[in-house]
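See below for the structure under consideration.
All values below were derived from every heavy atom in this structure, side-chain atoms included, with hydrogens, water molecules and symmetry-related copies excluded. All residue numbers in this chain count up from 1 along the given sequence. These figures come from a predicted structure and were not determined experimentally.
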Amino acid sequence: MTHDRSAGLAETARALADGTTTSRALVEQTLARIETSQGALNAFRIVRTQAALAEAEAADAQLAAGTRKPLLGVPVAVKDDMDVAGEPTAFGCQGEFPAVARDGEAVRRLRAAGAVIVGKTNTCEFGQWPFTEGPAFGATRNPWSPEHTPGGSSGGSAAAVAAGLVPAALGSDGAGSVRIPASWTHLVGIKPQRGRISTWPRGESFQGITVNGTLARTVADAALLLDAASGNHALDPHRPPVVDASAAVGRDPGRLRIALALKPPFTALPARLHPAVRARVVELAEKLGDLGHIVEEADPPYGQIGLTFIPRATAGLAERVREAPFPALLDRRTRDAARLGGLLGGVPLRAARRAEAVLHRRIGGFFTSYDVVLAPTTAAPPPRIGAMLKLGGLATDRAMIAACPYAWPWNVLGWPGVNVPAGFVDGGLPVGAQLLGPANSEPLLLSLAAQLEAELRWHETWPDQQAAVDSPAA
């Protein structure tokens, strides 16, 4: 049986459990789609052809024996900042990296749920930028418009899911790195509560601002992958209470008070909301009003939250650079930011970490008046390939903040956020909006996202399949 690229994660898992297809057949078709698209989209850094086929055959044997697991035999992808036993973890960097000995905790849990890891997806160097390009692997392109970026840093995962190469994928989000590519590729992207999906073998990633999250075409599929990957290593410092994400999908969220937050949070550099993006987000707010929710314009009291982000981000980067096997091959912007992180890694970092509790109280107070924040995910549609690649450090920061000023405060807070597709601008470029909540609010956000999806049916709109095959002109 040929399995359609439009089959989602849950649908694929059901087809396997029903015996209407086999994992071997699915994985063969997935690998063929990846190979056909790689020249055009370049979503993958590593394709695990032989290993994935062997894992598929093992899954088929379990299925035949009557074993049932949530994702048994289903092909999925993970971002190349996650350890997969037997594969290198280059995290967007140049050079030959050694194979790692064991799976990271998130990958271990996916395997325990039965998933077959078909490959590791491209990401920019150490996940720093909202584009997925670099000398290590070239440019990853957007299936909706191959001259544009899918975003970053989880751009490979987003491109792979948007093109239908895999039904869902893991990414990571340190300043919007799941939500931004989800918004620019018309996907659902969940940035969960800090610690919900383990980042082990690191107890914290980038001083706690980076978490692992999920990308899929539907809320149900993104929630299913979240449930499968969730859980903690015994030594994880952040261990949030368990939530059942899948159970929240389809549950009536009730009548919510929603704050429409259009003003960019504090940034030292200018950021302006693109009028067409604003229009799409306002349309989403109006749809929520039509569904019976109370929607008002109101901005969370962010204050000087940006001052706490920079020390954590740069000190976290400095830790990665110190471990890098080929520091001379790193982007100059990476080395400069790591130097700054070295300077900020003492007193400023400790002050930034302490400030989180104050921010929790202040912004948590906003959630006594509102249940959910609706904000743009980005201020602009996806930039063209190469637009930020050759810029210097300050020019990159300016371009990045101008395009993406909205996502990072929730990384400082460690709270959940979900990107939902908001439609298209500028002749077919996807944009998104984020639903943001207080601590451990994934079930609320997902029930609201699913309610929107039932109305808007965004998952029924696909990019042109030919774009994933035709190599764009260099």
Side-chain angles (χ1 to χ4, degrees), residues 5 30-47 77-80 90-92 94 118-125 127-169 171 176-187 189 215-217 331 377-378 380-391 396 399-400 403-404 419 421 424-432 461-474:
R5 70 165 181 158
T30 300
L31 293 168
R33 279 200 290 264
I34 292 169
E35 187 178 0
T36 303
S37 72
Q38 191 64 4
L41 292 184
N42 189 26
F44 283 82
R45 178 80 184 250
I46 291 166
V47 182
V78 302
K79 182 176 177 178
D80 193 27
F91 203 170
Q94 289 190 83
V118 293
K120 303 186 73 180
T121 56
N122 276 322
T123 170
C124 57
E125 195 168 284
Q128 298 168 85
W129 303 303
F131 56 84
T132 301
E133 300 164 52
F137 59 88
T140 297
R141 295 175 181 272
N142 194 322
W144 293 92
S145 175
E147 341 40 281
H148 290 84
T149 182
S153 63
S154 306
S157 286
V161 176
L165 308 182
V166 287
S177 282
V178 162
R179 290 163 290 158
I180 291 163
S183 75
W184 284 345
T185 58
H186 196 67
L187 297 176
L215 295 123
R217 302 187 57 77
D331 190 300
T377 302
T378 68
R384 287 188 170 272
I385 293 285
M388 299 187 201
L389 188 61
K390 297 282 196 281
L391 298 178
T396 302
M400 195 157 63
C404 304
N419 177 78
F424 300 87
V425 301
D426 297 356
L429 296 174
V431 294
T461 309
W462 282 82
D464 174 20
Q465 196 158 8
Q466 211 48 43
V469 177
D470 296 339
S471 282

Requested in this report: Please name the pair of heavy atoms, one in Leu429 and one in Pro382, separated by the smallest distance, quoted to 0.1 Å.
Outcome: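 Leu429 and Pro382 have their closest heavy atoms at CB-CD, 4.0 Å.
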Can you tell if the side chain of [X] reaches within under 4.5 Å of the side chain of [Y], non-hydrogen atoms only?
{"X": "Trp184", "Y": "Pro430", "result": "no"}
{"X": "Trp129", "Y": "Cys404", "result": "no"}
{"X": "Ile385", "Y": "Arg141", "result": "yes"}

Query raised in the report: So which of Ile180, Leu215, Thr377 actually passes side-chain contact (heavy atoms from CB on, under 4.5 Å) with Asn419?
Result: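 Passing option: Thr377.
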Test item: [X] side-chain N/O and [Y] main-chain N/O as donor-acceptor pair under 3.5 Å:
{"X": "Trp144", "Y": "Thr185", "value": "yes"}
{"X": "Thr140", "Y": "Asn42", "value": "yes"}
{"X": "Thr30", "Y": "Val166", "value": "no"}
{"X": "Arg217", "Y": "Thr461", "value": "yes"}
{"X": "Ser154", "Y": "Ser177", "value": "yes"}

Say you draw a straight line from [atom1] of [X] to [atom2] of [Y]; how long is it, rounded to the nearest 0.5 Å?
{"X": "Leu165", "Y": "Thr121", "atom1": "CG", "atom2": "OG1", "answer": "11.0 Å"}
{"X": "Phe91", "Y": "Glu125", "atom1": "CZ", "atom2": "CD", "answer": "10.0 Å"}
{"X": "Arg384", "Y": "Asn142", "atom1": "CZ", "atom2": "CG", "answer": "11.5 Å"}
{"X": "Gln128", "Y": "Asp331", "atom1": "CD", "atom2": "CG", "answer": "7.0 Å"}

Query raised in the report: Do Ser157 and Lys79 pass the side chain to side chain donor-acceptor pair (under 3.5 Å) test, and can you show the C-alpha distance, the side-chain angles, and the key distance before you say yes or no?
Result: CA-CA 6 Å; Ser157 286; Lys79 182 176 177 178; over 6 Å; no
Got a list of side-chain donor-acceptor pairs under 3.5 Å for residues 130-138, not counting sequence neighbours?
residue	atom	partner	partner atom	Å
Thr132	OG1	Gly151	O	2.8
Thr132	OG1	Gly155	N	3.2
Glu133	OE1	Gly386	N	2.9
Glu133	OE2	Gly386	N	3.4

Requested in this report: Report the residues that fulfil side-chain hydrogen bond (donor to acceptor under 3.5 Å, both in side chains) with Thr149, sequence neighbours left out, ordered by chain and then residue number.
Outcome: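 Thr149 satisfies side-chain hydrogen bond (donor to acceptor under 3.5 Å, both in side chains) with no residue once adjacent residues are dropped.
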Report task. With sequence neighbours excluded, tell me which residues meet ring pair (Phe, Tyr, Trp, His ring centres under 6.0 Å) with His148. Result ->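 Applying ring pair (Phe, Tyr, Trp, His ring centres under 6.0 Å) to His148 gives none.
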